[in-house]
There are 2 protein chains.
Amino acid sequence: MKKRSTPAKKEVIKLLKSSESAMSQEMIEEKVKGKMDRVTIYRILNSFCEDGIIHRILSDEGKYYFALCMDCEPEEHTHDHFHFRCLTCQKVECLPEQVNVELPEGYKKKNATGWITGYCNNCN
Amino acid sequence: MKKRSTPAKKEVIKLLKSSESAMSQEMIEEKVKGKMDRVTIYRILNSFCEDGIIHRILSDEGKYYFALCMDCEPEEHTHDHFHFRCLTCQKVECLPEQVNVELPEGYKKKNATGWITGYCNNCN
DNA sequence: ATATTATTGCAATATAGTTGCATTAAAAGA
DNA sequence: TCTTTTAATGCAACTATATTGCAATAATAT
Ligand SMILES: [Mn+2]
Ligand SMILES: [Mn+2]
Ligand SMILES: [Zn+2]
Ligand SMILES: [Zn+2]
């Protein structure tokens with residue numbers, strides 16, 4: 001029942017901690033090539049999401065990116081800030097600004113995400 | 001070279017015109033079941049996108065939705081407004097508000113999308 | 001009516017992610 | 001330290017969504 005600590009998990013969390021930007025499964029796989037199976041990475045990432053250690057965000061190109069939770073309360077996750085994806089270096093960053101939109105009368109908001117694509121300071 | 005008008009295309013555009021909300025390929029397929037192949041729908045939708053007749057927007061759950069262009073100039077497409085998806089009835093709507101975010105110094109914006117999920121006025 | 005070629009249907013392929021199952025190995029307890 | 005329990009892993013198979021190849025069909029121009 002209780003989660004266990006394993007070399008694979010340590011490796012993945014180390015990667016995410018050392019990365020200044022959100023990573024996709026693909027990016028992670030590249031970094032740990034040979035050390036663990038594709039599926040294990042997916043499972044570890046999903047497990048961390050369940051534990052509330054990381055966010056899972058679907059990018060504007062349809063891939064999931066993962067990033068450490070920073071300012072999340074254990075009870076209340078907030079990953080409804082904007083994200084930026086660099087079209088050149090593929091870097092994905094969490095932006096400080098929250099997504100907040102006026103909805104039509106009678107609508108109730110559950111979740112919000114926002115993506116900006118473009119070129120980062122290193123790439124233009 | 002020049003595009004042709006066909007029954008399948010007429011059917012699909014009629015559907016999109018009569019729909020007050022954006023539709024996924026799946027939703028369209030359900031409506032035209034038996035009249036044309038799955039792949040034909042995909043191709044027609046992509047073709048309309050090329051022609052600048054419709055938008056293609058990737059939802060926060062990783063599926064494409066399609067909607068008629070309303071306020072687009074032929075030269076300049078703008079589909080960088082927020083979209084709303086109802087978690088109950090699956091309806092997808094274009095919201096009036098534009099996505100606009102302050103980027104860090106040196107970043108250049110190319111494109112922007114925003115999604116709100118929740119419950120529409122009919123569903124809560 | 002005929003010729004040209006865009007469009008279609010069907011099967012195969014691509015991509016991203018999940019699931020089943022037997023095996024391995026954390027970690028709790030004796 | 002040894003044993004037991006079961007979470008985690010590797011591998012193959014599968015799912016979901018969308019695209020591509022190719023031969024057959026049909027919309028348009030002549
Ligand atoms: Mn969080
Ligand atoms: Mn448009
Ligand atoms: Zn960059
Ligand atoms: Zn609804």
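By convention in this document, chain letters (A, B, ...) are assigned in the order of the sequence lines, proteins followed by strands, and residues within each chain are numbered from 1. All figures in this text were calculated on a predicted structure; none of them were measured in a lab.
Atom CG in A:L58 sits roughly 18 Å away from atom P in C:dT15 (whole-Å rounding). Following rounding to the nearest Å, B:I41 (CD1) and C:dG9 (C1') show an atom-to-atom distance of 12 Å. Whole-Å rounding puts the A:K3 NZ to D:dT9 P distance at 11 Å. Atom P of nucleotide C:dA16 and atom CG of A:D60 are separated by 14 Å, given to the nearest angstrom. At whole-Å resolution of the value, CZ in B:R56 and C1' in D:dA18 are 8 Å apart. The CE atom of A:M27 sits 12 Å away from the P atom of C:dA16 (whole-angstrom rounding). Atom CD in B:E26 sits roughly 10 Å away from atom P in D:dA16 (whole-Å rounding). Whole-Å rounding puts the A:K10 NZ to C:dA27 P distance at 7 Å.
Note on A:S47: nothing from the nucleic acid sits closer than 4.0 angstrom, heavy atoms only.
Along DNA chain C, the nucleotide nearest to A:T6 and the one nearest to B:D37 differ in position, and the one closer to the 5' end is contacted by B:D37. Ranked by how close their nearest DNA chain D nucleotide is to the 5' end, A:A8 and A:R38 are led by A:A8.
Comparing C:dA26, D:dA18, D:dA27 by their nearest atom to the side chain of A:R4 picks out C:dA26. Nearest nucleotide to the A:K2 side chain, out of C:dA28, D:dA27, C:dG9: C:dA28. For B:V39, the side-chain atoms get nearest to C:dA11 when compared with the rest of C:dA11, C:dA26, C:dT7. Side-chain proximity of A:S5 to the nucleotides C:dA27, D:dA18, C:dT5 is greatest for C:dA27. Of the listed nucleotides (C:dT8, D:dA8, D:dT9), C:dT8 has the atom at the smallest distance from the side chain of B:T40.
A donor-acceptor pair is defined here as one N or O able to donate and one able to accept, closer than 3.5 Å; no such pair exists between the side chain of B:N124 and the backbone of A:Y107.
The aromatic rings of A:W115 and A:Y65 lie tilted to each other, with the angle between the two planes from 30° to 60°.
Under the 6.0 Å distance and 45° angle rule, A:R56 counts as a cation-pi partner of A:Y64.
For D:dG10, the base has a donor-acceptor partner in the side chain of A:R43 [N/O atoms by modelled type, under 3.5 angstrom].
A salt bridge links A:E61 with A:R85: the closest approach of a Lys/Arg side-chain nitrogen to an acidic carboxylate oxygen falls below 4.0 angstrom.
For B:K63 and D:dA16, the shortest distance from a side-chain N or O to OP1 or OP2 is not below 4.0 Å. The phosphate of D:dA18 (OP1 or OP2) has a side-chain N or O of B:Y42 nearer than 4.0 angstrom.
B:I116 pairs in a side-chain contact (heavy atoms from CB on, under 4.5 Å) with only one of the listed residues (A:K108, A:K110, A:K109), which is A:K109.
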